[in-house]
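Just so it is clear, the model here is predicted, and its values are computed rather than measured.
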Amino acid sequence: MTVPEYVGVLGGGRMGAGIAHAFLIAGANVVVVEQTEEWAQGARGRVLSSVKNSVARGAVSETEEEISSRFSVATTPEAFENAGLVVEAVPEQFDLKLAALTGVERVVADDAWIATNTSSLSVQRLGSQLSIPSRFGGLHFFNPVPASTLVEIVVADTTSGDYAIQAAGWVEALGKTSITVRDSPGFASSRLGLAIALEAMRMVEEGVASAADIDVAMELGYKHPVGPLRTSDLVGLDVRLGIAEYLFDTIGPRFEPPQILRDLVARGDLGRKTGKGFFDYGTEGAK
């Protein structure tokens, strides 16, 4: 299996840069599009830093220069003109994603595939507002992308059956493992992961145990590589809150965000990206 020759990634933040890196070291020509030149150069730095690390680890056979020569950044969707696949990786807001996807659809060829990296939003609802919904599906990567070995392929009722087949091939070519799920709120991974995380937050809120001890319970007792609270800090507590609110609205009360999560987000303690969440990343001490 191989990846498309030309791959576009819309959004060059942590997730977008990770997705770009994955396709780049798998042999694709990759372009990342961001809103401004400053953000585009930030994305360039993130991707090339990951490439350098991959070469240093001996994880790729090409040189850093060879891989980097296939990478570029831009500030307009027209850069996706030749892409056989474009992966959208903008923040988890429906209107923002829809605007991004419709912008992509205006410039790519009719036979190009378009995927969203959403972790919870309805692929069916997004796709229904595109001109060719059959070539659109979910391609949910996990954070951090270089270290994660799972990709969730999400298919809606309108998604072509060929999409799941093609996507499974791309994931295999990336050296990762795919699962295929039907479009539903939270899919499989986000729904299960969030359910555990929200209960862990409630346990901290109720004084059952410290954040550190709750994480250790899941790491040693259930062999989770990282506990649910430190994982939440890595994902971003604002992201966790947004997904929880969406699942609360679509599935029901069991996904109601606990007050401790709302309070942390309101204070700006969003996890690793701000230096503090359930854990303090200055001292690595638990809250």
Side-chain angles (χ1 to χ4, degrees), residues 1-55 59-92 96-118 126 130-132 135-146 148 151 163 166-167 169-171 173-176:
M1 294 292 185
T2 60
V3 295
E5 183 179 2
Y6 292 95
V7 174
V9 179
L10 184 59
R14 184 180 178 92
M15 288 302 300
I19 294 167
H21 166 263
F23 279 102
L24 195 57
I25 65 173
N29 294 275
V30 178
V31 58
V32 171
V33 169
E34 262 291 3
Q35 292 186 58
T36 68
E37 184 62 29
E38 180 182 2
W39 291 2
Q41 292 307 317
R44 179 191 292 278
R46 283 186 283 274
V47 173
L48 294 183
S49 176
S50 292
V51 168
K52 183 175 183 177
N53 290 338
S54 293
V55 172
V60 292
S61 57
E62 292 182 288
T63 66
E64 187 176 341
E65 291 74 21
E66 287 171 331
I67 298 172
S68 301
S69 69
R70 299 196 306 273
F71 176 62
S72 61
V73 296
T75 56
T76 63
E78 281 70 25
F80 297 142
E81 184 179 9
N82 296 319
L85 166 68
V86 176
V87 182
E88 166 272 308
V90 304
E92 198 77 349
L96 182 61
K97 285 187 178 291
L98 182 59
L101 291 166
T102 53
V104 169
E105 193 173 46
R106 283 196 295 270
V107 298
V108 298
D110 286 349
D111 60 352
W113 298 102
I114 302 175
T116 175
N117 185 54
T118 183
L126 285 167
L130 298 180
S131 299
I132 311 177
R135 49 99 168 259
F136 174 71
L139 203 60
H140 177 208
F141 288 81
F142 290 77
N143 188 18
V145 177
S148 175
V151 179
Y163 173 80
Q166 293 290 328
W170 304 330
V171 173
L174 296 177
K176 300 181 185 295

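Looking at K176, its side chain does come within 3.5 Å of a backbone N or O of S148 through a donor-acceptor pair.
The side-chain hydrogen bond (donor to acceptor under 3.5 Å, both in side chains) test applied to E92 returns T118, S119, S120, not counting sequence neighbours. For the side-chain hydrogen bond (donor to acceptor under 3.5 Å, both in side chains) test, residues two or more places apart in sequence or in another chain that qualify with S54 are H21. Here N143 pairs with R14 under the side-chain hydrogen bond (donor to acceptor under 3.5 Å, both in side chains) rule; sequence neighbours left out.
The nearest pair of heavy atoms linking P77 to V33 is N-CG1, 4.2 Å. Looking at every heavy atom in both residues, V145 comes nearest to A22 through CG1-CB, 4.2 Å. Shown here for L101 and A115, the closest heavy-atom pair between the two residues is CD2-O, 4.4 Å. Of all heavy-atom pairs between G16 and A89, the closest is CA-CB, 3.9 Å. A pairwise comparison of heavy atoms in V108 and A112 identifies CB-CB, 3.9 Å as the closest pair. Nearest heavy atoms, V9 versus I19: CG2-CG2, 4.1 Å.
Residues F71 and V51 form no side-chain contact, since every pair of their non-hydrogen atoms from C-beta on lies 4.5 Å or further apart. In this structure, F23 and L85 have side chains that are in contact, with non-hydrogen atoms separated by less than 4.5 Å. Inter-residue side-chain proximity for V31 and V73 is flagged as unmet; no heavy-atom pair is nearer than 4.5 Å.
To the nearest 0.5 Å, atoms CG (L10) and CD (Q35) are separated by 8.5 Å. A distance of 12.0 Å separates CG of L139 from CD of Q166, quoted to the nearest 0.5 Å. For the atom pair D110 CG and R135 CZ, the distance stands at 6.0 Å (nearest 0.5 Å). To the nearest 0.5 angstrom, E105 atom CD is 5.0 Å from I114 atom CD1.
Residue pairs meeting the side chain to side chain donor-acceptor pair (under 3.5 Å) criterion with at least one member in residues 82-91, sequence neighbours excluded: E88-K97, E88-T116. Among residue pairs with one or both ends in residues 1-10, none qualify as side chain to side chain donor-acceptor pair (under 3.5 Å); sequence neighbours excluded.
Tested against V104, the residues V87, L130, V86 include a single side chain to side chain contact (heavy atoms under 4.5 Å, CB included) partner, V86.
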Quiz: residues 40-47 side-chain donor-acceptor pairs under 3.5 angstrom, not counting sequence neighbours:
| residue | atom | partner | partner atom | Å |
| --- | --- | --- | --- | --- |
| Q41 | OE1 | R44 | NE | 3.1 |
| Q41 | NE2 | E37 | OE2 | 2.6 |
| R46 | NE | G12 | O | 2.9 |
| R46 | NH2 | G12 | O | 2.8 |

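Counting heavy atoms of neighbouring residues, nucleotides and ligands inside a 6.0 Å radius, atom CD of E81 does not exceed 12 of them.
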